[in-house]
Novice: 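Have a look at the structure that comes next, please.
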Amino acid sequence: MQEPLSERYEPGAIEPVVQAHWDDDKVFKVREDPEREKFYCLCMFPYPSGRLHMGHVRNYTIGDVIARYQRMQGKNVLQPMGWDAFGLPAENAAIENNVPPAQWTRSNIEYMRGQLKRLGFAYDWDRELATCDPDYYRWEQWFFGRLYEKGLVYRATAVVNWDPVDQTVLANEQVIDGCGWRSGAPVERREIPQWFLRITAYADELLDELDRMDDWPDAVRTMQRNWIGRSEGLSIRFALNDASVGGLEELEVFTTRPDTLLGATYMAVAPEHPLALACAENDTALGAFVEECRHQSTSEAVIEKLEKRGMALPVTVRHPLTSEALPVWVANFVLMSYGTGAVMSVPAHDQRDWEFARKYDLAIVPVIADAEGNAPDVTSGAHTERGRTINSGKFDGLDFAAAFDAIATALEREGRAERRVQYRLRDWLVSRQRYWGCPIPVVYDNEGNMQPEAADRLPVTLPEDVAWEGVASPLRSMPDFTATTLADGSPARRETDTFDTFFESSWYFSRFCCADNADGMVDERVDYWMPVDIYIGGIEHAVLHLLYARFFHKAMRDAGLVKSDEPFKRLLTQGMVCKETYFRETAQGRKQYFNPAEVDVETDDKGRVIAARARSDGQPVTIGPVEKMSKSKNNGVDPQALIDRYGADTVRLYTMFAAPPDQSLEWSDSAVEGAFRFLKSLWRLTHEHVSVGPVDALDVTALDDALKDLRRHIHETIVKVSDDVSRRYKFNTAIAAVMELVNHLSRTPADNAAARAVRQEGLDTVVLLLAPIVPHAAHVLWQALGHDEALTDARWPVADENALVREAIELVVQVNGRKRAVVQVAADADKAACEQAALADDNVARFTEGKTVRKIIVVPGKLVNIVVQE
RNA sequence: GCCGGGAUGGCGGAACUGGUAGACGCGCCAGACUCAAAAUCUGGUAUCCGAAAGGAUGUGGGGGUUCGAUUCCCCCUCCCGGUACCA
């Protein structure tokens, strides 16, 4: 039984009904079916922060449009959803509101799940998972054991940010201007034992595979290549001139430019380097400098922007070729965690070395010629290009490769160097000194010897009922958790560190394939679904998450758990959602931000924004830049309020229409109104059409020119939208094309049987093309248009080739590259006919008269350019 | 600092492989309907000159390649993302 279509478009009335139908009939539940082509569509799962933000809405709408489109192609589509549930914000909420992180997280999940359902996403909810659930994390604990057996896990010390007041490790984000964000105390660097995964063992495969990942954006592949940073160079040992200092006899460095070795004029070591520490012991000034460096942040972004500073150490090294004594400096920009913590400096050919040499008046010796073969000018900066060697004695006159080889060979013969491949990529530090994460499944005996927890004793369950005192992880002070026994019953102590949350997000996509498996990490179903056909998420994950996930998947492959080499066949990176900011400066010089919803904007008679006032007091506020929606800038727009007001379809339509997925999107409330208006007018047009009654079958031979044009437009739109959705992922232009078609349909009168038949075809097409984007409205309109099958079972339309044929086309005519006319020619007009039609135009004649035509360029079907002598 | 990306009307954006710059939408202006408002509909809307036809200028700035450049190359400015413990 079909109900008549209501006259008004009321999303609040129809959307819950359509959603209930999807839910009750489990329309989006999928099973493995080897007979059918599968499509695994995945969006990066959310951190359950409290409420959905616009970034989520955008991400999940893009995924849903692709999933629903693939379903209309007849594929077996898996689109799951889950929760990246461990993380720092839950601990912050616990500290602030005294709510246990587990409780806070689970209630956030409840609320956000309701919001996702209200947006009508086509998820198979039976596969839902949360990473804080022991049924999930027990398997990564189990896999950690497998990695340990394979030698891919090790323990070593690493530097962390230490808050001396709160007695806790701080994340880089929690260090503001060198101080702890809560205590305000200057942060110290501290070396503590940490757990690492040997991702560098996979560096070459992670790098080489990128060349074959053609369905990933080039930008992401380039960023990952640069991050891995494979370089071939020479590891050189410089002998110390002074007898053993701090137990050291030589200084080892790695360089990719051994051809510049003769230009090395000094060495630089990290403040934590044993040589620097040894020298600092007997020198108060040096000691003070090293101590000062100990308060420097561990973040690369901060360190690299610091003023480059250093101090000379009271030691020199011997140049391995010339035996010249080179001074050794300690410098704040050399990092102990990179390579050997020491570098050789060639100021003539490295800009950073050059600046340091200038500042401290160290020698600058050019040893590479410029393009003309002359000594380069190094008075205003380093000469960094490769070239032939000069000032290098017997190594003079060689190009890069020859100089590299000659110098490497000479040093190797003396046992002072080896050729080496080095990576910028460092091993993955997976341990965190935090509570709200997956416990690292390791125990220590009374002697401090560690061993992984036995597989049959997993999971190591995180206690969820915790009392929070202070800011440090409560795990350490929970004897019920820390006290345990070994297999032989002897007393032991549990590891209290937890995993980096990237651990959980590195394999959840495989778990979605078999989320209900209680007996193993994954099972054979993973072979049906993996790899993910398209993975959609923010560009900010271009390196870390996406590189860790690739590594983890390969490690799982080598453990025989999955078959694919790469987890994500195609990657779509989404831009940010932005909004203008409004603020006032307070007396202390701080910015007080106003939410756009609390601000009235004044415009001039052209719609230009000229001023803004706070609604609360009517006083002016400063209009700031457009920035990513965030709590700190108070420029977030709550999706819930918009869903309540306009319905899910309008919010979905607007987010898809406002910008292409990979660009940032600037939110505009009035443009949302426009999306709503479009749905209302489509509804009205359909209502008007169906209320007249049944439509005769379409007779394509009985159409006049106007109806033929309209019909061609219908089928051209199918071609355009299909290409936009399936190949280009440009939903904004797809929607624009549908809007144009709807405009054309409503402008063309439907006052006879032929016209009504074309309108029916047009409306059927529009509803099918919009079905993935506005599925609720489309569902109701599809029924109203007389279709018995559910829209979720309908097929994507295919254009009628005959309807696409054109008899005449428009040709642009340029004279010397400037457009002068548009002329009509037959669709099959040859070059001569195009030239003739172009030259015959009156306005073209005005610009060619009395001048010599030198050349005529004809671009078939598009343009004629007549080149004349001026 | 380094790596990656971006900049087009008042605004979001379009122009896909070097071929009509500004599709579509918002906003704004004018008009229709209305007692009025909302809603809806019609027309206009890059800038400058012009009644119009049409012309000139114009895609962050400067240079180059080309018959032709938003698109390709070189230099620069500003903005955004990442920078290994935010996720």
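Below, read A as the first sequence line, B as the second, and so on, with proteins coming before strands; counting in each chain starts at 1.
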Novice: Please list each protein N or O that sits under 3.5 Å from an N or O in nucleotides 62-71 of chain B, with the distance.
Specialist:
from: B:C67; atom 1: O2; to: A:N865; atom 2: ND2; distance (Å): 2.4

Novice: In chain order, what residues pass the side chain to side chain donor-acceptor pair (under 3.5 Å) check against A:D662, with sequence neighbours excluded?
Specialist: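 Result, side chain to side chain donor-acceptor pair (under 3.5 Å) vs A:D662: none returned.
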
Novice: Kindly confirm or rule out a cation-pi arrangement of A:R189 over A:W162, judged by NZ or CZ under 6.0 Å from the six-membered ring centre and within 45° of its axis?
Specialist: no

Novice: For A:R820, enumerate each residue passing the side chain to side chain donor-acceptor pair (under 3.5 Å) test, keeping only those at least two apart in sequence or located in another chain.
Specialist: none

Novice: Which residues satisfy the side chain to side chain donor-acceptor pair (under 3.5 Å) test with A:E300, sequence neighbours excluded?
Specialist: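 In terms of side chain to side chain donor-acceptor pair (under 3.5 Å), with neighbours along the sequence ignored, A:E300 is linked to A:Y338.
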
Novice: Identify the nucleotide, in any strand shown, that forms a Watson-Crick or G-U wobble pair with B:G27, with both distances under 3.5 Å; if there is none, say none.
Specialist: B:U45

Novice: In chain order, what residues pass the side chain to side chain donor-acceptor pair (under 3.5 Å) check against A:S183, with sequence neighbours excluded?
Specialist: A:D163

Novice: Identify the residue among A:I857, A:V858, A:N816, A:T848 that makes a side-chain contact (heavy atoms from CB on, under 4.5 Å) with A:I866.
Specialist: A:T848

Novice: Can you list, by residue number, the residues of residues 48-61 of chain A that have a non-hydrogen atom closer than 4.0 angstrom to RNA chain B?
Specialist: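 Contacting residues: none.
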
Novice: Decide yes or no, distance alone: a donor-acceptor N/O pair under 3.5 angstrom between the base of B:C11 and the side-chain of A:E666.
Specialist: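 By the distance-only test, no, there is no pair.
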
Novice: With a 4.0 Å cut-off on heavy atoms, is A:F502 in touch with a base, just the backbone sugar-phosphate, or nothing at all?
Specialist: base

Novice: Tell me the side-chain hydrogen bond (donor to acceptor under 3.5 Å, both in side chains) pairs involving residues 853-864 of chain A, sequence neighbours left out?
Specialist: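 Applying side-chain hydrogen bond (donor to acceptor under 3.5 Å, both in side chains) to every pair that reaches into residues 853-864 of chain A, excluding sequence neighbours, yields nothing.
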
Novice: Which pairs of donor and acceptor atoms, one on a side chain in residues 167-175 of chain A, lie under 3.5 Å apart (sequence neighbours left out)?
Specialist:
from: A:Q167; atom 1: NE2; to: A:P164; atom 2: O; distance (Å): 3.0
from: A:N172; atom 1: OD1; to: A:N161; atom 2: ND2; distance (Å): 2.9
from: A:N172; atom 1: OD1; to: A:T298; atom 2: OG1; distance (Å): 3.0
from: A:Q174; atom 1: OE1; to: A:A171; atom 2: N; distance (Å): 2.7

Novice: Kindly compute the distance separating CD1 (A:I303) from CD (A:Q296), expressed to the nearest 0.5 Å.
Specialist: 5.5 Å

Novice: What class does the angle between the rings of A:Y548 and A:W428 fall in, given that below 30° is parallel, 30 to 60° is tilted and above 60° is perpendicular?
Specialist: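 A:Y548 and A:W428: parallel rings.
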
Novice: So for A:E300 and B:G1, does any side-chain atom that can act as donor or acceptor lie under 3.5 Å from a complementary atom in the base?
Specialist: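 Checked by distance alone, the answer is yes.
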
Novice: What is the ring orientation for A:F356 with A:F333, classed by angle as parallel under 30°, tilted 30 to 60°, or perpendicular over 60°?
Specialist: perpendicular

Novice: Could you list all the salt bridge (charged side-chain N to carboxylate O under 4.0 Å, His left out) pairs where at least one residue sits in residues 48-58 of chain A, not counting sequence neighbours?
Specialist: A:R51-A:D638

Novice: Give every pair of a protein N or O atom and an N or O atom of nucleotides 72-81 of chain B that lie under 3.5 Å apart, one pair per line with the distance.
Specialist:
none

Novice: Per the salt bridge (charged side-chain N to carboxylate O under 4.0 Å, His left out) rule, what does the pair list look like for residues 735-744 of chain A, sequence neighbours excluded?
Specialist: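 Matches after skipping sequence neighbours: none remain.
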
Novice: Give the B/S/- string for nucleotides 51-57 of chain B, one per nucleotide from 5' to 3', where a protein heavy atom under 4.0 Å of the base yields B, of only the sugar-phosphate yields S, and otherwise -.
Specialist: ---SSSS

